[in-house]
**Q** 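Before we start, here is the structure in question, set down as structure tokens.
All values below come from the heavy atoms of this structure, side chains included, with hydrogens, waters and symmetry mates left out.
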Number of protein chains: 2
Amino acid sequence: MLNLLGEYHCKADAKGRVLFPARLKKQLENILHHGLVVNRDIFTQCLVIYPKPEWDKVNEEMSRLSRYNQKHQLFQRKFMKGATMIDLDAAGRMSIPSVLLEYIQINSKENDLVITGLGEKMEIWNSGAYQNQVLGDDMDFSDLAEEVRKDLDGKM
Amino acid sequence: MLNLLGEYHCKADAKGRVLFPARLKKQLENILHHGLVVNRDIFTQCLVIYPKPEWDKVNEEMSRLSRYNQKHQLFQRKFMKGATMIDLDAAGRMSIPSVLLEYIQINSKENDLVITGLGEKMEIWNSGAYQNQVLGDDMDFSDLAEEVRKDLDGKM
DNA sequence: AATTAATCACTTTTTACCACTTTTTACCAC
DNA sequence: GTGGTAAAAAGTGGTAAAAAGTGATTAATT
């Protein structure tokens with residue numbers, strides 16, 4: 001089972017290309033050649049990268065939605081809008097669409113970013129935002145954990 | 001059941017590598033070859049090391065979280081951010097990612113650290129911080145103990 | 001003797017550029 | 001409106017130098 005790990009600090013070049021971290025490459029060696037899918041995260045100002053096989057699962061879930069149900073369509077649109085298939089070039093770089101980079105406030109001046117492995121997916125963050133949001137205060141983490149634990153106990 | 005013990009003082013070399021204490025190695029002899037996972041502690045400025053099998057349990061729980069639930073995602077991110085798989089090299093050293101060493105204020109000048117065994121996991125501390133926090137004031141320990149005792153009686 | 005620390009040489013990865021190609025945009029003539 | 005062209009922008013590919021990571025050996029300490 002896929003268990004992507006690690007936190008990698010890297011940079012976008014002037015053209016919005018990001019060298020895919022070598023360590024992540026190793027963790028994905030069997031499936032990286034299938035490509036990756038990048039998209040905006042629904043809840044947070046970061047991007048999500050799925051290895052193609054993972055994205056296929058997501059897509060499969062989406063395909064079960066009803067074409068004739070407005071809410072389903074809205075949900076699908078929110079979740080999938082902007083999703084883009086990307087491959088690594090010969091030098092191991094991924095070319096991330098500029099609209100997605102803009103979403104996380106990355107440009108030719110602000111070009112430090114963080115890629116993190118999170119099990120079956122990865123996330124791309126603006127370096128500054130990562131410091132604030134993710135490494136920020138964890139006063140309420142116990143409460144959060146408790147709520148999540150209830151969900152897990154409840155079902156799933 | 002795993003019961004790691006002891007307090008070990010060691011040093012990071014110029015490249016951020018730490019020789020894994022021989023005594024801990026002995027305590028882990030059957031499972032060390034599966035590797036280790038290091039991460040930031042959520043509440044305190046120290047690192048946590050899980051033997052891989054322990055981490056797998058954590059990961060299994062994480063995989064039950066919902067991709068479409070904001071709190072679940074937040075929880076996963078807070079908990080897994082930065083977690084990194086490490087193996088010991090031929091000399092028995094673990095190469096700890098520099099971002100994690102920075103978190104506990106370890107660098108080429110400040111390179112003294114303490115590794116402690118805590119049952120099923122270990123912790124890595126900046127030596128100075130360890131003196132202060134762990135050996136520091138214990139005025140309120142009785143209160144703490146009392147609160148924890150209530151939690152334990154209550155459930156768990 | 002075994003464990004830990006320090007050092008050096010070497011390899012891989014990452015960054016920062018440069019040169020070139022393709023695509024898009026803007027403008028003008030027909 | 002259609003077609004053409006030039007300029008601008010965006011996208012690709014490649015490489016040298018810097019930085020980071022790795023392996024191996026020697027020295028010091030317990």
**Q** So A/Lys15, base contact, sugar-phosphate only, or nothing? Heavy-atom distance under 4.0 Å.
**A**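 The answer is base, as A/Lys15 lies within the cut-off (heavy atoms under 4.0 Å) of a base atom.
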**Q** Here's a test of your reading of the structure: between A/Arg23 and A/Asp89, which maps to the more 5' nucleotide of DNA chain D?
**A**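 Nearest nucleotide further toward 5': that of A/Asp89.
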**Q** Check the distance between C/dT3's C1' and B/Leu88's CG and give it to me in whole angstrom.
**A**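 Computing the B/Leu88:CG to C/dT3:C1' distance gives 15 Å.
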**Q** Using a strict threshold of under 4.0 Å (side-chain N to carboxylate O), is an ion pair present between A/Glu60 and A/Lys57?
**A**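 Looking at A/Glu60 together with A/Lys57, the answer is no, because their closest N to O distance does not fall below 4.0 Å.
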**Q** Tell me, do A/Leu100 and A/Thr84 make a side-chain contact under 4.5 Å, heavy atoms counted?
**A**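 In short, these two side chains touch, coming nearer than 4.5 Å.
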**Q** Going by purine N1 to pyrimidine N3 plus the second Watson-Crick contact, or the G-U wobble pair, all under 3.5 Å, which nucleotide sits opposite C/dT25?
**A**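 C/dT25 is paired, partner D/dA6.
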**Q** For DNA chain D, whose closest nucleotide is more 5', that of A/Ala90 or that of B/Ala90?
**A**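 Final value for this comparison: A/Ala90.
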**Q** What is the distance, to the nearest angstrom, from the CD1 atom on B/Ile86 to the P atom on D/dT22?
**A**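 My rounded result for the distance is 11 Å.
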**Q** Could you tell me whether A/Phe79 and B/Tyr68 have their ring centroids closer than 6.0 angstrom?
**A**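 Between A/Phe79 and B/Tyr68, the centre distance is under 6.0 Å.
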**Q** Does B/Arg17 contact D/dG23 through a side-chain donor or acceptor facing the base, at a distance under 3.5 Å?
**A**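 By the distance-only test, yes, there is a pair.
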**Q** Provide, to the nearest angstrom, the distance between the CG atom belonging to A/Leu113 and the P atom belonging to C/dT14.
**A**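 That distance rounds to 13 Å.
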**Q** May I ask you to say what A/Ser98 touches in the nucleic acid, namely base, sugar-phosphate or nothing, with a heavy-atom cut-off under 4.0 Å?
**A**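 Since no nucleic acid heavy atom lies under 4.0 Å of A/Ser98, the category is nothing.
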**Q** Which base sits across from C/dC10 as a Watson-Crick or G-U pair, both distances under 3.5 Å?
**A**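 Matched C/dC10 with D/dG21 under the 3.5 Å cut-off.
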**Q** Checking side-chain contact (heavy atoms from CB on, under 4.5 Å) against B/Val18, which of B/Ile106, B/Leu113, B/Asn111 comes through?
**A**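 That would be B/Leu113; it is the only one of B/Ile106, B/Leu113, B/Asn111 passing the side-chain contact (heavy atoms from CB on, under 4.5 Å) with B/Val18.
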**Q** Think A/Lys26 has a side-chain N or O under 4.0 angstrom from the OP1 or OP2 of C/dT13?
**A**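 Yes.
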**Q** Atom CG of B/Leu24 and atom C1' of C/dT3: how far apart are they, to the nearest Å?
**A**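 Atom CG in B/Leu24 sits about 14 Å away from atom C1' in C/dT3.
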**Q** Check B/Arg40 with A/Glu7, please: is the shortest side-chain N to carboxylate O separation under 4.0 Å?
**A**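 Salt bridge flag = yes for B/Arg40 with A/Glu7.
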**Q** Starting at CG of A/Leu19 and ending at P of D/dA20, how long is that distance when rounded to a whole Å?
**A**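 Interatomic distance, CG of A/Leu19 to P of D/dA20: 14 Å.
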**Q** Please report, rounded to the nearest Å, how far the C1' atom of C/dT14 is from the CE atom of A/Met94.
**A**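 For the pair A/Met94 CE and C/dT14 C1', the rounded distance is 14 Å.
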**Q** What is the pairing partner of D/dT29, taking Watson-Crick or G-U wobble pairs with both distances under 3.5 Å in any strand?
**A**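 C/dA2 - that is the nucleotide pairing with D/dT29, both distances being under 3.5 Å.
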**Q** Looking at C/dA16, I'd like to know if its phosphate oxygens (OP1 or OP2) sit under 4.0 Å from a side-chain N or O belonging to A/Lys11.
**A**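 Indeed, a polar side-chain atom of A/Lys11 lies that close.
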**Q** Rounded to whole angstroms, how far apart are CG on A/Asp87 and C1' on D/dT12?
**A**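 Between C1' of D/dT12 and CG of A/Asp87: 14 Å.
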**Q** A/His9 has an atom NE2; how far is it from atom P of D/dG21, in whole Å?
**A**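 After rounding, the reported distance stands at 11 Å.
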**Q** Confirm from the modelled atom types if A/Arg93 and D/dG11 form a donor-acceptor pair under 3.5 Å, side chain to base only.
**A**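 Under the 3.5 Å cut-off, the side chain and the base do not form any donor-acceptor pair.
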